[in-house]
Amino acid sequence: MATINKNAVQEMVTILSNKRVGAYHQILLNVGDIVKNCRPGNFVAIRVGGDTSKLILRRAFAISRVSESSQYGGTMELIVAPHGSGSKWLCSQLEGAEIDIVAPLGTAFGIPTEPISALLIGGGYGSAPLFGLADVLKSRGCKVDMLLGASVGSKIYAPMEGKRSVNSLKIYTEDGSMGETGRVTENLLNIVKDRNIDVIYSCGPMAMLSAITALVADTDVIHQCAVEESMACGIGVCMTCVLPVRNEDGSTSMLRSCIDGPVMDGSTVRWDLVGKVPEVSS
Amino acid sequence: MATINKNAVQEMVTILSNKRVGAYHQILLNVGDIVKNCRPGNFVAIRVGGDTSKLILRRAFAISRVSESSQYGGTMELIVAPHGSGSKWLCSQLEGAEIDIVAPLGTAFGIPTEPISALLIGGGYGSAPLFGLADVLKSRGCKVDMLLGASVGSKIYAPMEGKRSVNSLKIYTEDGSMGETGRVTENLLNIVKDRNIDVIYSCGPMAMLSAITALVADTDVIHQCAVEESMACGIGVCMTCVLPVRNEDGSTSMLRSCIDGPVMDGSTVRWDLVGKVPEVSS
Amino acid sequence: MSLPVDMSTTLGNAWFPTPIFTASGCASSGKELAQFFPLNQVGAIVTKSVMSKPRHGRPTPRMAETPSGMLNSIGLQGPGIDAFLANDVPWLVEQKARVIVSIAGETVEEYSTLARKLRSVSGISAVEVNISCPNVENRGLVFACDPESSRRVIDGVRKTIGGELPIIAKLSPDVTDLPAIARGVVDAGADGLALINTVLGMVINIDSMRPHLGGKTGGLSGPAIKPVAVRAIYQVHAALPKVPILGMGGVASGRDALELILAGASGVSVGTASFGNPKALIDIQNELRDLLAARGFATMQQAIGYAHREGA
Amino acid sequence: MSLPVDMSTTLGNAWFPTPIFTASGCASSGKELAQFFPLNQVGAIVTKSVMSKPRHGRPTPRMAETPSGMLNSIGLQGPGIDAFLANDVPWLVEQKARVIVSIAGETVEEYSTLARKLRSVSGISAVEVNISCPNVENRGLVFACDPESSRRVIDGVRKTIGGELPIIAKLSPDVTDLPAIARGVVDAGADGLALINTVLGMVINIDSMRPHLGGKTGGLSGPAIKPVAVRAIYQVHAALPKVPILGMGGVASGRDALELILAGASGVSVGTASFGNPKALIDIQNELRDLLAARGFATMQQAIGYAHREGA
Ligand SMILES: Cc1cc2nc3c(=O)[nH]c(=O)nc-3n(C[C@H](O)[C@H](O)[C@H](O)COP(=O)(O)OP(=O)(O)OC[C@H]3O[C@@H](n4cnc5c(N)ncnc54)[C@H](O)[C@@H]3O)c2cc1C
Ligand SMILES: Cc1cc2nc3c(=O)[nH]c(=O)nc-3n(C[C@H](O)[C@H](O)[C@H](O)COP(=O)(O)OP(=O)(O)OC[C@H]3O[C@@H](n4cnc5c(N)ncnc54)[C@H](O)[C@@H]3O)c2cc1C
Ligand SMILES: Cc1cc2nc3c(=O)[nH]c(=O)nc-3n(C[C@H](O)[C@H](O)[C@H](O)COP(=O)(O)O)c2cc1C
Ligand SMILES: Cc1cc2nc3c(=O)[nH]c(=O)nc-3n(C[C@H](O)[C@H](O)[C@H](O)COP(=O)(O)O)c2cc1C
Ligand code: FES
Ligand code: FES
């Protein structure tokens, strides 16, 4: 019956662990069968603040990775930056706490049927879903390179296990406290050319996604990016999370990044119009 | 400088223990020097719901007893009925949790300088402050009898240690599940007469306090009651908690039960006017 | 104690099995919620206000969370009435959902045009006329803030749509004299009233130090405004006891729904609560049924306006 | 980064060392808060609205907590102006607190009478005229909801009080056109505006199934209404950029106070927040100072209305 949010369910799940990793919290949830429908790029919407909360909206987090084989049944990992009151509340929840989630939501990264060369680019906690993606790409025989960037080293999320699934990993920080000094876009075109990249998968701040799109605009590289817009509902009913996206006919539609995203084709997003209103199309 | 709320302070304090006792939670707080200023009848106002709470008002609870000699320094005991969202939140707080209190607030039971015969009457959790009061009265050489009433046995709060400080304790429940069947007011006048009661100290539902006042109206017995009105601030600034009280000149004033109470002289409260507005007095 | 409660209700000549509806703009056109519950299990789907032409709406950011509430400035993004009638209504009808179509316009004429298009559409239970829109012919003054403009919109819709389809006029609480506006639209032919639309608000971003929303001001919704909704419904029900009210504003539990019904609502729309809980309508409906049963009501309709009874 | 910020502000010809004030009715006459902080450390104590005669106010229950807010229906209980001037003002003056006296009346004449009594009182910095009271001469319609009545009250006060004491007219947000009311009272002689008074609301007790408050309706305050306050201040500051505004409504943190200042408030009253935190004013004042410093403001006054700057 449902044509949208097709696999989404709302459930109370248990926190299996909550560890600080650099500037982030790595939170592991026991989510049972939900993992079966989770694909890299999907997100989860979490109720925050407890029973007496004044925070009425769910918070969205990328599903970093899921696992079916663990001793707990299906588990889901999140990488959460303590930002405002909702994410801080989540980061303060202890092992054993029950939280209310809706998942999986949104679109997923497209997985090629051929063994292509992929470049994964993450900014800050944007790297979270990329390691799960790398696993899948590797299992399809792809070559997987990765670039991670952040303002400071503590905001680079690059777990040991994760590194195993990539052929190369290059880190940039703006203050030089880890890896090279600079941004992931610094040397991007050369990397794309040298390594014969077919597809870029990216996740991070909107400015990064926009810059990558611009850089590869004149190339044949496909750019799949996971956008991040402020979301009130996460399920497509409120129209707050819209982005201007170019249609086939050249007109522009305001698409909901929660159901038509977060993963979108970077070349179709009208980055110049984000935060503006396109001309009326009719 | 301050003439009102003279000893009140706001402080973060730690929960030392939280035990279920019948229908209530007995919560012990580590409050340090605050105990020095707490008198039986005073109350504490507690912030509820945590950092992201939609509950903006403090909740008032009678100080059940305080102790200076414990291994923790000053401790304060509360008896809390899980009623609505605020009290339930408080009852769910674990040992070690920090809570924000303002204490001590309000008037205290008047302590006689002579060794009189006192009858302490508690309804439901209203018994909480009476045991601390009994200790003080006993130490002044008073005879202390106690009547406790509630709808059901689980709502009778009468701790073992507490019983030691009273000469007699009689329990009534409306369903007969503990003690005698009926209400504390059942046989009150006979008890007052038989035991030569000088002062009644009461704490419980407003209907009980009003009934006691009516029963002893034609006697010489002094009736000190701790009232319970809905309070927004607990410190005298909002005027929500008022009760009609007869002045010396026969006129009626709406007094704040948080600073002119909770302990009031029952005979001056115009119980008939509670929830109504007196004629304008000028 | 728990006899089955007859939950049915009516708005004008339209009948609904339960009084719990979606709120316009908070359920899109229904498809998105269908994964979480069958749409025919609630009273009705009130669709997002549709205008005559497709619209992009306002720039982002379009929302800001506020204490126990949120601001939105969507600006009526939508596909336009033709695409809406071609795609969304038939799908809802197929789901056996009851449908209330919300319409919005910039001129009195646009409302009439929309009404004309709805006339011949089958499967619609009622039309909700959202008059909380700026009137381009009157300095952008919101229709619902002016008794005369409100009246003219409803008059136009009534005349165009004929006598069949119940018309529910949706009012804004941002007025000095709500009962007067209500009386005007009822005189002009509204069969019922929807109360309340969002309350005008603003959030300033203390980092950019400018209004946070792309549209500067936005509409406040959610539990924060529930006391305003209850007051509005109570006031209008007292003034016009025979006019059915579709109540809304901050309803997030069965207790909230009951409060609005006791104040005078014949039906209750649930808006923002669905953002936090996609199954909110079902949870609210179940809780409401239990609360009514526990209070000895055999039918939901007995509870409508019960807080107004003698001695209250 | 953290140079000392000059926090001083003015309302008309009155000067205050900091912009954080109590809100009328939320600090009684000051004595109750003196245990928690020295009253002279905040901008001013705005006293509870006083009428000419002693008053009992409304029946209890007088309050209901609501999500992130509360309703009150105190009904202006108080000692009357004579007792107030004899007891409360001298005590505040002794504490070296700056005092703004709030007055309320049932007729235009009562306001003038109150103003006359204030004329000769020393130690008062300004008078706040609370016109959110029912006008007994006009079917109980709240003064602040009617441009003409509002204007007449302020005109009467202005004429009686003479030119010395700044007059701050306190307006209700429950109107269709707030800037119009604001313009009217400024034309009539108000030196400043206090925005906003509480929003009219109601809670129904689902056990008694009647309005919970003794007075049936009540005023909504607290964080729930902050977006309404910000909007009101922003709108009125845009319309009357030269008129100082004492802002209020849901301020519970320095961030909230900054939001109101950026919207256009020259001072900020803290009401309901003191109920949850008796030291709220001090905490807010300290946080505000830090926030201003972190944004590079040398004086608080530079931040007033900053959200209106070009390009916003
Ligand atoms: C699809 C998606 C995936 C995300 N993945 C992650 C992740 O893996 N790890 C992570 O730490 N964060 C992630 N975020 C950002 C995360 O949602 C915000 O940090 C979080 O909502 C902030 O809530 P708060 O209460 O802490 O902050 P506040 O600023 O108090 O939030 C106020 C409101 O604004 C919204 N909001 C604030 N910042 C953002 C933001 N950056 N994006 C979207 N909404 C925002 C909140 O949802 C809330 O409604 C993701 C966001 C989206 C949309
Ligand atoms: C002086 C005083 C002493 C008290 N002592 C005790 C005690 O020792 N143990 C105990 O269990 N309870 C005591 N109470 C009652 C206790 O304050 C309420 O049960 C509690 O405030 C309910 O809050 P809630 O969030 O659980 O309920 P809700 O009903 O959700 O509260 C909503 C609002 O109403 C107020 N309220 C609700 N019920 C009461 C009530 N009975 N009295 C006052 N305000 C109320 C709350 O403070 C809150 O502002 C006392 C009350 C007062 C005034
Ligand atoms: C995101 C959003 C969009 C809305 N869009 C509309 C709309 O298109 N038409 C309309 O009449 N009301 C609209 N509303 C108002 C709601 O229908 C409802 O009247 C209001 O939100 C109060 O109810 P709530 O607190 O349950 O959300 C919208 C509300 C929100 C939050
Ligand atoms: C209990 C209470 C009593 C109030 N009494 C008055 C009053 O006497 N005069 C007045 O002008 N405003 C009165 N107000 C309104 C406040 O001054 C203030 O405008 C409003 O509460 C919004 O601010 P807040 O959200 O910070 O409380 C009262 C508010 C409350 C909560
Ligand atoms: S967040 Fe509501 S539509 Fe996308
Ligand atoms: S509770 Fe505020 S004055 Fe008593």
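Quick note on labels: first sequence line is chain A, next is B, and so on, each numbered from 1. What you see is a predicted model; the values in this text were computed from it and never measured.
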*Asks:* What residues of residues 227-235 of chain B sit under 4.5 Å from chain D when only non-hydrogen atoms are counted?
*Replies:*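 The residues closer than 4.5 Å to chain D, in numerical order, are B:E229, B:S230, B:M231, B:A232, B:C233, B:I235.
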*Asks:* Any chance you could measure B:T240, atom OG1, to D:N72, atom CG, to the nearest 0.5 Å?
*Replies:*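 So the OG1 of B:T240 and the CG of D:N72 are separated by 8.5 Å.
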*Asks:* Can you name the residues of residues 77-88 of chain D that have some heavy atom under 4.5 Å away from a heavy atom in chain B?
*Replies:*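 Contacts with chain B: D:Q77.
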*Asks:* Minimum heavy-atom separation for D:N277 to B:Q10, with atom names?
*Replies:*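 So the minimum-distance heavy-atom pair works out to OD1-OE1, 3.0 Å.
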*Asks:* Pick one of side chain, backbone, both or neither for D:P61, based on which atoms fall under 4.5 Å of a heavy atom in chain B.
*Replies:*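 D:P61 has no heavy atom closer than 4.5 Å to chain B.
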*Asks:* Side chain, backbone, both or neither: which part of D:T66 has an atom under 4.5 Å from a heavy atom of chain B?
*Replies:*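 Only the backbone of D:T66 comes within 4.5 Å of chain B.
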*Asks:* How would you list, in number order, the residues of residues 17-26 of chain D that have a heavy atom less than 4.5 Å from chain B?
*Replies:*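 Expected list: D:G25, D:C26.
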*Asks:* If only atom types and distance count, is the side chain of D:E32 paired as donor or acceptor with the main-chain N or O of B:V237 below 3.5 Å?
*Replies:*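 Flag not set: sc D:E32 to bb B:V237 has no pair under 3.5 Å.
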*Asks:* Counting heavy-atom pairs closer than 4.5 Å to chain B, which one of D:E65, D:K48, D:K31 comes out on top?
*Replies:*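 Option with the top pair count is D:E65.
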*Asks:* Measure across B:G275 and D:P59 and return the closest heavy-atom pair with its distance rounded to 0.1 Å.
*Replies:*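 Distance-wise, the nearest heavy atoms are O-CB, 3.2 Å.
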*Asks:* How far apart are the closest heavy atoms of D:P278 and B:V102, and which atoms are they?
*Replies:*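 That closest heavy-atom pairing would be CG-CG2, 3.9 Å.
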*Asks:* List the steps, then state whether side chain to side chain contact (heavy atoms under 4.5 Å, CB included) holds for D:F36 with B:N5.
*Replies:* CA-CA 9 Å; D:F36 301 98; B:N5 300 315; 4.0 Å; yes
*Asks:* Below 4.5 Å, heavy-atom pairs only: which of B:K276, B:M254, B:K6 has the largest tally toward chain D?
*Replies:*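 Most heavy-atom pairs under 4.5 Å with chain D: B:M254.
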*Asks:* Looking at every heavy atom in both B:V242 and D:T60, which two are closest together, and how far apart are they?
*Replies:*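 In terms of heavy atoms, the two residues are closest at O-CG2, 3.5 Å.
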*Asks:* Under the 3.5 angstrom rule, does the side chain of D:R62 hit a backbone N or O of B:C241 as a donor-acceptor pair?
*Replies:*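 No, the answer is negative, given that no donor and acceptor are paired below the 3.5 Å cut-off.
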*Asks:* Is it the backbone or the side chain of B:N7 that comes under 4.5 Å from a heavy atom of chain D, or both, or neither?
*Replies:*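 Just its backbone gets close to chain D.
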*Asks:* Determine the minimum heavy-atom distance between B:G236 and D:S28, stating which atoms define it.
*Replies:*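 Shortest heavy-atom contact: O-CB, 3.8 Å.
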*Asks:* Using a cut-off of under 4.5 Å for heavy-atom pairs, which of D:G69, D:S29, D:G30 has the most such pairs with chain B?
*Replies:*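 Result: the option with the highest number of such pairs is D:G69.
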*Asks:* Write out, in numerical order, the residues from residues 46-65 of chain B with a heavy atom short of 4.5 Å from a heavy atom in chain D.
*Replies:*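 Checking residues 46-65 of chain B against chain D gives B:R47, B:K54, B:L55, B:I56, B:L57, B:R58, B:R59.
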